[in-house]
Amino acid sequence: MTTASPKRYSPLWVTIHWLAALLIFAEFYLGLTSVGLPPESKASILRLHMPLGVTALALMLVRLYLRWRTPRPEDVTAGNAFLDRVGKVVHFALYLVAFLLPLTGLALSFRYGLPPIVFEGQGSMPTDLNPGLHGLLFALSIPLILLHILAALYHQFIRKDNLLARMWYGK
Ligand code: HEM
Ligand code: HEM
């Protein structure tokens, strides 16, 4: 017996998509602000950046579980086999960076011994803090997110298939 696919993403899925997107944008802002500050001022920003990043990771874990274990709408077509393939690859890459960004952030913070400095005020911030792989992933994520937003706008306003409604609440 086959079950028909739902017409839209579940309300929990929608909530997680938009909350994760919001957190990721807030994290870009906080991360970039911290990089521009002198070492002694970084801790106050990282006190927010680090736990929010871990929250984003937790949300992504729930989302991955939903993707594996709950039904989701059929893929829509962009009207072209190549673009449909690109869409799949971009969604996969978005999942990958949304996991790797917080994981590399965690690795970075442990490598420099930041948790006691940031949360307990023990010791001082390193003067040679280098975002390394975490910064590289940030740079990679920007074109991916831009492509994703452009694709959503293309569907909404050029193909007029009301794709955004699937990632929103409703019947
Ligand atoms: C969705 C999650 C995250 C995003 C989008 C994000 C984004 C960023 C960005 C854009 C930067 C600046 C990079 C650069 O200019 O090269 C940064 C720096 C940094 N992030 Fe994250 N981050 C995330 C999670 C985390 C987590 C979970 C931690 C640690 C627990 C963390 C720790 C750091 C640290 C220590 C820096 C360096 C700050 C500095 O050099 O002053 N990040 N992050
Ligand atoms: C303003 C920003 C954003 C817009 C307008 C947007 C829009 C959308 C829309 C309309 C869909 C539904 C596509 C469909 O029905 O097939 C979707 C799905 C998706 N979005 Fe976004 N999105 C945004 C930000 C993000 C960000 C920052 C991420 C990074 C994690 C992301 C990752 C995904 C993924 C992976 C999917 C596929 C469904 C899933 O597996 O959850 N989106 N997005």
Side-chain angles (χ1 to χ4, degrees), residues 5-10 12-39 41-60 62-64 66-68 70 72-78 84 87-115 117-119 125-142 144-156 161-168:
S5 303
K7 286 205 181 64
R8 54 178 66 245
Y9 290 90
S10 69
L12 178 62
W13 199 322
V14 170
T15 306
I16 292 177
H17 173 271
W18 292 112
L19 213 57
L22 205 70
L23 272 177
I24 289 172
F25 291 136
E27 285 292 88
F28 286 164
Y29 173 74
L30 291 170
L32 290 173
T33 307
S34 170
V35 168
L37 290 176
S41 319
K42 285 178 187 269
S44 59
I45 297 283
L46 289 176
R47 211 168 290 139
L48 206 56
H49 182 80
M50 288 161 61
L52 283 186
V54 173
T55 311
L57 178 62
L59 281 180
M60 287 308 295
V62 180
R63 182 155 159 197
L64 194 61
L66 293 177
R67 193 134 196 326
W68 269 334
T70 65
R72 66 186 189 94
E74 300 265 354
D75 287 337
V76 285
T77 179
D84 289 345
K88 278 195 174 43
V89 172
V90 170
H91 280 174
F92 177 79
L94 282 169
Y95 267 92
L96 211 61
V97 292
F99 273 105
L100 290 180
L101 267 167
L103 288 176
T104 51
L106 275 169
L108 174 67
S109 75
F110 285 115
R111 180 148 38 91
Y112 284 93
L114 298 185
I117 307 175
V118 168
F119 297 109
M125 286 296 293
T127 48
D128 59 346
L129 187 53
N130 176 353
L133 192 55
H134 192 54
L136 190 69
L137 276 164
F138 156 62
L140 269 176
S141 68
I142 296 298
L144 284 174
I145 292 176
L146 285 178
L147 261 180
H148 182 58
I149 295 176
L150 276 178
L153 295 175
Y154 170 74
H155 276 279
Q156 195 69 22
D161 55 11
N162 205 14
L163 187 77
L164 274 167
R166 292 172 20 139
M167 201 37 107
W168 198 246

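Keep in mind that the numbers below use all heavy atoms, side chains included, and drop hydrogens, waters and symmetry copies. Remember, it's 1-based here, ligands and their atoms both numbered in the order they're listed. Values in this document were obtained by computation on a predicted structure and should not be read as measured data.
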Checklist entry - Mind checking what makes side chain to side chain contact (heavy atoms under 4.5 Å, CB included) contact with V14, not counting sequence neighbours? => result Y9, W18, M167, W168, Y169

Checklist entry - Under 2.8 Å from atom 21 (Fe) of ligand 2, which protein atoms of type N, O or S occur, listed by chain and number? => result H17 NE2, H148 NE2

Item to check | Enumerated ligand 1 atoms positioned under 4.0 Å from heavy atoms of K42 | outcome: 39 (C), 40 (O), 41 (O)

Checklist entry - For atom 41 (O) of ligand 2, which protein heavy atom lies nearest, and how many Å away is it? => result W13 NE1, 2.8 Å

Checklist outcome for this item: Note: heavy atom closest to atom 32 (C) of ligand 2, options R63, M60, H91, belongs to R63

Checklist outcome for this item: If you scan protein heavy atoms around atom 16 (O) of ligand 1, the nearest is G135 CA, 3.4 Å

Checklist entry - Backbone N or O of G31 within a donor-acceptor pair of the S34 side chain at under 3.5 Å? => result no

Checklist entry - How many angstroms lie between atom CG of L32 and atom NE2 of H49, to the nearest 0.5 angstrom? => result 9.0 Å

Checklist entry - Rounded to the nearest 0.5 Å, how far does CD1 of I145 lie from CG of L150? => result 12.5 Å

Checklist entry - Do you know how many protein N, O or S atoms are within a distance smaller than 2.8 Å of atom 21 (Fe) of ligand 1? => result 2

Checklist entry - Is the backbone of L101 close enough, under 3.5 Å, to the side chain of H134 for a donor and an acceptor to pair up by distance? => result yes

Checklist outcome for this item: ligand 1 to L129, heavy atom cutoff 4.0 Å, flagged ligand atoms 39 (C), 40 (O), 41 (O)

Next on the checklist: Could you check whether any side-chain N or O of Y112 sits under 3.5 Å from a backbone N or O of M125, counting only pairs where one atom can act as donor and the other as acceptor?
Outcome noted: no

Next on the checklist: Nearest 0.5 angstrom please: R67 CZ to W13 CH2, how far?
Outcome noted: 5.5 Å

Checklist outcome for this item: Interatomic distance, OH@Y29 vs CZ@F25, rounded to 0.5 Å, equals 15.5 Å

Next on the checklist: Heavy-atom pairs closer than 4.0 Å: do any link ligand 1 to the side chain of L114, the backbone, both, or neither?
Outcome noted: side chain

Checklist entry - Starting from atom 38 (C) of ligand 2, which protein heavy atom do you reach first, and at what distance in Å? => result Y9 OH, 3.6 Å

Item to check | For atom 10 (C) of ligand 2, closest protein heavy-atom neighbour | outcome: L164 CD2, 3.6 Å

Checklist outcome for this item: d(E27 CD, M50 CE) to nearest 0.5 Å is 10.5 Å

Item to check | Shortest non-hydrogen contact from P126 toward P39 | outcome: O-CB, 3.9 Å

Checklist entry - Looking at CG of L108 and CG of L46, how far apart are the two atoms once the value is rounded to the nearest 0.5 Å? => result 9.0 Å

Next on the checklist: Please list the nearest protein heavy atom to atom 13 (C) of ligand 2 with its residue and the distance rounded to 0.1 Å.
Outcome noted: L163 CD2, 3.8 Å

Next on the checklist: If I apply the N/O under 3.5 Å rule, does W18 come out as touching ligand 2?
Outcome noted: no

Checklist entry - Which heavy atom of L30 sits nearest a heavy atom of I45, and at what distance? => result O-CG2, 3.3 Å

Next on the checklist: Quick check: closest heavy atoms across P102 and G53, and the distance to 0.1 Å?
Outcome noted: CB-O, 3.5 Å

Checklist outcome for this item: A student checking ligand 2 against R67 at a 4.0 Å heavy-atom cut-off should list atoms 40 (O)

Item to check | Check: T55 side chain, P51 main-chain N or O, donor-acceptor pair, under 3.5 Å | outcome: yes

Item to check | With L22 via side chain to side chain contact (heavy atoms under 4.5 Å, CB included) - residues at least two apart | outcome: none

Next on the checklist: Going by the closest heavy atom to atom 39 (C) of ligand 2, which one wins out of F99, F25, Y95?
Outcome noted: Y95

Item to check | atom 15 (O) of ligand 2 - nearest protein heavy atom and its distance | outcome: R166 NE, 2.7 Å

Checklist entry - Minimum heavy-atom separation for L59 to A20, with atom names? => result CD1-N, 4.0 Å

